[in-house]
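Presented below is the structure to which this report refers.
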Number of protein chains: 2
Amino acid sequence: MVEDYPPFAVTVDIALLTIRAGELCALVVRRGEAPYRGRWALPGGFVRPDEDIEAAALRELREETGLSHGFHVEQLRTYGAPRRDPRMRTVTVAHLALAPDLTNPVAGTDAAEAEWRAVDTLLAARPGLAFDHGQILGDALERARAKLEYTPLGAAFCPEEFTVGELRRVYETVWGTAVDPRNFHRKVSKTPGFLVPTGETTTRDGGRPAQLFRRGSLEVLSPPLTRG
Amino acid sequence: MVEDYPPFAVTVDIALLTIRAGELCALVVRRGEAPYRGRWALPGGFVRPDEDIEAAALRELREETGLSHGFHVEQLRTYGAPRRDPRMRTVTVAHLALAPDLTNPVAGTDAAEAEWRAVDTLLAARPGLAFDHGQILGDALERARAKLEYTPLGAAFCPEEFTVGELRRVYETVWGTAVDPRNFHRKVSKTPGFLVPTGETTTRDGGRPAQLFRRGSLEVLSPPLTRG
DNA sequence: TCAAAAGTGTTAATTCTACACCCATGT
DNA sequence: ACATGGGTGTAGAATTAACACTTTTGA
């Protein structure tokens with residue numbers, strides 16, 4: 001009875017989001033084979049026989065970006081409709097990953113063509129992403145928007161050192177709304193643990209020099225920000 | 001290459017929570033076979049070859065409780081550590097389910113011994129639940145507590161018709177804190193869509209007669225309640 | 001008449017929102 | 001000098017938290 005179970009393929013797929021040129025973008029790869037040949041898909045792949053699921057997600061990220069740290073990764077949801085992959089019964093554990101603008105290092109070791117595309121465009125395009133990846137990307141976007149409201153996760157989109165104004169622009173991009181700079185500044189700077197000051201300042205955004213910060217502990221904390 | 005993938009077993013496990021006698025309880029089944037023979041485990045089982053994952057979870061619920069409706073069910077998280085089941089590589093899609101006090105109908109069609117046990121006790125017991133079910137139950141508890149704060153999900157623990165006082169006791173039980181009856185009453189009754197009045201009243205809780213309500217739409221809505 | 005729970009009113013504290021306003025730089 | 005974004009102050013609105021008080025029943 002132990003060996004008598006229906007076999008499934010288990011994969012991980014990753015909705016890796018970043019902000020480039022003021023747009024929320026996702027990393028997608030062009031499929032080289034059927035099914036969905038030529039269509040964009042989220043990066044992902046099989047979980048190996050002795051590999052933890054989270055480790056598989058991190059490995060895929062490393063393979064696609066060439067980088068092994070600096071991401072925030074969390075499990076999003078598992079998708080397993082019987083015919084979501086026409087070749088075989090496949091269950092995919094989708095992950096949400098957030099990263100700063102990685103500009104160059106996108107073409108990783110994987111042979112497939114990989115690109116950053118605006119999330120809006122990907123979700124609106126017909127035909128859309130391969131498999132159920134449009135659904136996954138939509139769910140990832142919803143999760144990211146929600147988590148920015150009650151966790152310091154916006155900082156995951158920022159580089160090592162960043163200003164409060166840069167952080168605010170992240171929120172404005174993800175939510176698609178304007179955020180009051182004065183109130184935002186107060187909110188984040190008085191939330192303990194959200195921002196770690198470096199002591200340095202920069203004028204790269206123009207105007208008066210702004211303090212530079214590093215991310216505090218991402219997980220856990222909760223600064224009630226507001227979308228409207 | 002298509003057929004050359006590592007095969008996994010895929011299961012669903014369900015943390016079914018309810019409130020009995022003022023205690024938050026979970027449905028557990030006694031394992032009849034190795035591994036973990038004699039230990040408590042969450043109900044669950046294999047996903048069938050042509051079955052959607054959510055359908056598998058609903059089927060398990062039906063098999064364990066004998067009931068096919070009246071639950072709230074949502075996917076919780078997927079657990080797939082390589083050696084979580086010593087027999088084979090198994091990935092389980094855990095679900096959180098909430099139900100009113102089902103008292104009698106617990107011994108479903110399944111042969112296994114099934115019981116309601118206090119969540120506290122299950123989480124504190126040594127040795128604990130079989131497999132990683134202690135972890136799953138802990139995560140389910142955390143999710144349930146969090147969702148009660150910003151969704152009308154507390155009503156999922158209540159019978160068809162209930163009073164505001166009964167609903168409040170649900171919150172107090174799940175959070176383990178006292179909640180001010182006056183403020184709670186205002187909050188839930190002025191949140192549109194949370195409660196649907198039946199027009200009836202009852203005195204079953206003693207004191208002045210209380211209005212009876214039905215659940216409004218569970219999902220979606222958000223009444224900012226408070227735990228402390 | 002009393003206890004017990006339902007439900008309403010009120011007030012002070014807190015938090016949010018929308019700005020006015022000053023600061024420190026590059027051009 | 002001035003445009004630009006950084007950052008602080010503040011007043012009014014909205015929300016929350018705490019609790020006095022009235023209502024309606026069963027015992």
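The sequence lines fix the lettering, A, B, ..., with proteins before strands; numbering per chain opens at 1.
One can place CZ of A:F162 at 14 Å from P of D:dG6, the figure rounded to the nearest angstrom. Rounded to whole Å, the distance from CD on B:E149 to P on D:dT16 is 13 Å. Straight-line distance from the CG atom of A:L212 to the P atom of D:dG6: 11 Å, rounded to whole Å. Per the geometry, CZ belonging to B:R168 stands 12 Å off C1' belonging to C:dA4, to the nearest Å. At whole-Å resolution of the value, CD in B:E200 and P in C:dA6 are 18 Å apart. Rounded to whole Å, atom C1' of D:dT10 lies 14 Å from atom CG of A:D180. For A:E172 and D:dG5, the CD to P distance is 12 Å, given to the nearest whole Å. In this structure, NZ of A:K187 is placed 13 Å from C1' of C:dA18, rounded to the nearest angstrom.
Between A:R169 and the phosphate of D:dG6, there is a side-chain N or O to OP1/OP2 separation shorter than 4.0 Å. For A:Q211, no side-chain nitrogen or oxygen approaches OP1 or OP2 of D:dG6 to under 4.0 Å. Remark: A:H185 is not in phosphate contact with D:dG6, judged by side-chain N or O atoms under 4.0 Å from OP1 or OP2.
Residue-to-nucleotide proximity on DNA chain C shows that, of B:T163 and B:R186, the 5′-proximal contact is made by B:T163. Comparing A:N183 and A:P209 by the nucleotide of DNA chain D whose heavy atom lies nearest to each, the residue mapping closer to the 5' end is A:P209.
Scanning atom types as modelled, one donor and one acceptor separated by under 3.5 angstrom connect the side chain of B:R208 and the base of C:dA6. Not a single donor-acceptor contact under 3.5 angstrom links the side-chain atoms of B:D205 to the base of C:dA4.
Between B:R208 and B:T201 the shortest side-chain heavy-atom distance does not fall below 4.5 Å. The shortest distance between side-chain heavy atoms of A:T78 and A:T92 does not fall below 4.5 Å.
Residue B:R204 is classed as having no contact, given no heavy-atom separation below 4.0 Å to the nucleic acid.
For the pair B:R30 and B:W40, the cation-pi test (distance below 6.0 Å, angle within 45°) is passed.
Electrostatic pairing of A:R215 and A:E160 does not count as a salt bridge here, judged by no charged N lying under 4.0 Å from a carboxylate O.
Taking every side-chain heavy atom of A:T203 into account, C:dG26 is the closest of D:dT8, C:dG7, C:dG26. Here C:dT8 is the nucleotide among C:dT17, C:dA6, C:dT8 with the atom lying nearest to any side-chain atom of B:R182.
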Subject >> Intermediate values then yes/no, side chain to side chain donor-acceptor pair (under 3.5 Å), B:D101 and B:T18 >> reply: CA-CA 6 Å; B:D101 187 350; B:T18 195; 5.0 Å; no
